[in-house]
Protein chains: 2
Amino acid sequence: MDGNAQKVTGKEAAKAQLPAHETIYRKLREQILFGEIAPGQPVTIQGLTDRLNAGMTPVREAIRRLTSEGALEFQGNRRVIVPQLTAENIAEIIYARQWLESHLGLRATERAEPADLTELTRLDDALDKAIARGDLQGYLEYNYRFHAKIYELAQAPILAAMAEGLWLRFGPSLRVVCGRIGTQNLPDRHKDLLHAMRTGDAEGAARACREDMLQGMEQVRDMLDPPGAAN
Amino acid sequence: MDGNAQKVTGKEAAKAQLPAHETIYRKLREQILFGEIAPGQPVTIQGLTDRLNAGMTPVREAIRRLTSEGALEFQGNRRVIVPQLTAENIAEIIYARQWLESHLGLRATERAEPADLTELTRLDDALDKAIARGDLQGYLEYNYRFHAKIYELAQAPILAAMAEGLWLRFGPSLRVVCGRIGTQNLPDRHKDLLHAMRTGDAEGAARACREDMLQGMEQVRDMLDPPGAAN
DNA sequence: CCTCTCAAAATATGATCAAATTAATCAGTG
DNA sequence: CACTGATTAATTTGATCATATTTTGAGAGG
């Protein structure tokens with residue numbers, strides 16, 4: 001057989017061997033998660049086929065998936081947008097995350113091994129550096145990856161999926177918030193959390209997770225709710 | 001224009017004017033929810049295009065949506081099946097539903113109007129009749145619609161979506177359980193719940209929701225876990 | 001202000017290509 | 001000579017694309 005680069009779909013076979021609808025899903029997911037697409041902004045199929053240089057069917061599938069996860073919203077007609085959170089939405093998310101984050105943090109602490117703690121510390125350092133250099137994008141990414149790692153450690157796939165689904169809902173708004181208040185006064189209870197995890201204090205870790213979440217979500221709520229943010 | 005039946009896609013234009021991918025999604029969703037497709041059973045695209053007499057792309061979209069909701073599982077290769085719950089999965093679902101059901105039941109009680117209570121009573125009657133005549137399919141449907149109505153009344157779309165997503169996960173297994181134990185000794189705390197709702201006892205309603213859920217889920221757990229259910 | 005026309009975008013189909021599972025054949029061994 | 005094992009052929013299924021059809025929204029004209 002020729003040892004050449006195997007052609008995959010016609011493109012450069014970058015990370016291929018993964019189906020196109022999967023890679024497109026992941027790309028679009030990250031773009032939403034890290035706020036590259038703002039709340040209220042429309043997401044068109046044709047726009048994505050152009051922007052991501054992909055076929056129509058895979059894009060369609062990716063959009064449906066993200067719609068099911070609440071990351072996109074299907075307007076009554078056939079238009080799709082990134083949803084804008086209402087105050088009620090935020091309250092629901094906070095309520096759900098209180099349970100989810102505490103529980104996942106607790107389970108993660110019970111199951112974390114030294115290598116995992118090292119990895120978490122690494123991610124938190126990278127996060128700090130991103131804050132120091134005012135890198136909003138980096139902050140959002142490392143913050144997400146830090147929490148995603150905790151979900152993974154909890155070994156509770158269904159609850160983790162619920163938690164990640166919520167991230168997709170508030171991600172775009174979080175970006176807006178952080179863009180306004182700057183990267184300086186961002187909440188970071190990660191130090192407390194890491195300390196609790198290292199000492200095996202599962203209850204303390206659960207508390208820290210909950211507090212970290214609350215601080216972040218309250219900033220989102222305060223921005224969306226009381227100021228003159230009339231649409 | 002001709003006053004005739006407007007052709008929609010080629011079929012009889014049943015409930016049309018709704019996109020095909022939407023109707024297919026709903027059909028498939030119900031088939032999973034009410035256990036017409038058993039856990040472990042594969043779901044093929046081509047099988048659905050034949051069975052539902054539809055095109056390939058809409059079927060594909062429906063499958064992706066349901067995969068995102070946990071109703072279907074994407075095997076490492078490209079095959080899709082209805083997932084089989086593990087004991088851990090069930091524990092996670094129980095944990096999540098404890099707070100979801102309680103909270104939604106509480107909110108529903110606070111917001112329910114007389115007409116809503118009438119509707120709930122009607123659904124519960126239909127459920128009782130289905131049990132009396134040994135109609136498993138009817139039991140599952142009315143039971144679901146009873147709870148879905150409560151979610152709707154709670155006016156908390158995000159939490160409701162989470163609760164409905166969990167139904168999709170245990171629906172197929174619930175069918176298996178009920179098929180084995182018969183329709184006679186099925187749990188039904190609906191009377192307690194309705195009483196609490198009528199008297200405005202939100203806390204009591206929350207408790208009843210939780211109890212009803214627990215009884216059902218424990219039967220699922222007991223079937224999957226301890227007996228000689230070796231695959 | 002309402003209506004009609006037009007363009008842009010989404011929906012849906014079928015064809016084509018690639019992958020994977022199943023079936024079948026063939027060799028090797030007890 | 002029958003049976004097990006594996007390699008290969010064939011069929012089934014999934015992935016992707018290009019195209020035709022339909023719908024929505026907007027703008028021009030009455």
Side-chain angles (χ1 to χ4, degrees), chain A residues 1-2 4-28 37 40-68 71-82, chain B residues 1-28 37 40-68 71-83:
Chain A
M1 66 297 277
D2 63 332
N4 247 339
Q6 55 216 344
K7 165 167 162 298
V8 182
T9 67
K11 270 152 254 150
E12 312 85 358
K15 63 178 65 169
Q17 122 212 44
L18 216 52
H21 63 82
E22 183 68 31
T23 50
I24 293 174
Y25 164 76
R26 294 188 188 183
K27 269 187 202 165
L28 185 52
I37 310 177
Q41 191 171 330
V43 173
T44 70
I45 294 176
Q46 297 204 335
L48 288 181
T49 57
D50 295 352
R51 190 149 59 79
L52 300 181
N53 191 31
M56 198 161 257
T57 312
V59 167
R60 202 159 245 280
E61 294 177 66
I63 288 181
R64 298 294 173 239
R65 271 173 85 171
L66 289 162
T67 303
S68 268
L72 294 175
E73 196 173 85
F74 196 83
Q75 303 282 77
N77 29 0
R78 30 230 258 196
R79 214 142 283 187
V80 171
I81 65 168
V82 176
Chain B
M1 67 294 280
D2 64 333
N4 250 335
Q6 54 214 345
K7 163 165 165 299
V8 182
T9 67
K11 269 150 257 149
E12 311 84 356
K15 63 177 70 169
Q17 121 211 43
L18 217 50
H21 65 83
E22 183 68 31
T23 50
I24 293 174
Y25 165 76
R26 295 188 187 183
K27 270 187 200 163
L28 184 53
I37 311 178
Q41 191 171 332
V43 173
T44 70
I45 293 177
Q46 299 202 340
L48 288 182
T49 58
D50 294 351
R51 191 148 59 79
L52 300 181
N53 189 33
M56 196 162 259
T57 314
V59 166
R60 198 162 251 277
E61 295 176 71
I63 289 180
R64 297 295 172 237
R65 273 173 84 171
L66 289 163
T67 304
S68 268
L72 295 175
E73 196 173 86
F74 196 83
Q75 301 282 76
N77 32 359
R78 30 223 257 195
R79 209 142 286 188
V80 171
I81 65 168
V82 176

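The sequence lines fix the lettering, A, B, ..., with proteins before strands; numbering per chain opens at 1.
- For A/T67, the side-chain contact (heavy atoms from CB on, under 4.5 Å) partners two or more places apart in sequence, or in a different chain, are A/I63, A/L72, A/F74.
- Taking atom CZ of B/R51 as the reference point, atom P of D/dT13 lies 13 Å away to the nearest angstrom.
- Distance from the side chain of A/M56 is smallest for C/dA12 among the nucleotides C/dA12, D/dG25, C/dT21.
- Every salt bridge (Lys or Arg N to Asp or Glu O under 4.0 Å) that A/E22 has, sequence neighbours left out, goes to A/R26, A/R65.
- The nearest whole Å value for the distance from the CD atom in B/Q75 to the P atom in D/dG14 is 12 Å.
- Regarding A/D50, its CG atom lies at a distance of 13 Å from the P atom of C/dA8, rounded to whole Å.
- OP1 or OP2 of C/dA19 has not a single side-chain nitrogen or oxygen of B/N77 nearer than 4.0 Å.
- Taking only side-chain atoms of B/R78, from C-beta outward, the nucleotide of C/dT13, D/dT22, C/dA18 with the closest atom is C/dA18.
- Distances were taken from every side-chain heavy atom of B/A20 (C-beta onward) to each of C/dA12, D/dT16, D/dT13; the shortest belongs to C/dA12.
- Expressed to the nearest 0.5 Å, how far CD of A/E61 lies from CZ of B/R64 amounts to 4.5 Å.
- From B/I45, atom CD1 reaches atom CZ of B/R60 across 4.0 Å, with rounding to the nearest 0.5 Å.
- In this entry the distance linking CD of A/Q46 with C1' of C/dA7 reads 12 Å, nearest Å.
- When the options A/I37, A/L66, A/V59, A/I81 are evaluated for a side-chain contact (heavy atoms from CB on, under 4.5 Å) with A/V43, the one that passes is A/I37.
- Computed from coordinates, the A/E61 CD to D/dC17 P distance equals 11 Å when rounded to whole Å.
- Spacing between atom CZ of A/R64 and atom P of C/dA12 amounts to 8 Å, rounded to whole angstrom units.
- For A/I45, counting side-chain heavy atoms from C-beta on, the closest listed nucleotide (C/dA10, D/dT16, D/dT19) is C/dA10.
- Within the 4.0 angstrom heavy-atom criterion, base atoms lie near A/T57.
- Counting any heavy atom pair closer than 4.0 Å across all strands shown, B/R60 reaches a base atom.
- Taking atom CD on A/E22 and atom P on C/dA19, their separation rounds to 17 Å, with Å as the unit.
- As rounded to whole Å, 10 Å separates atom P of D/dT24 from atom CZ of A/R79.
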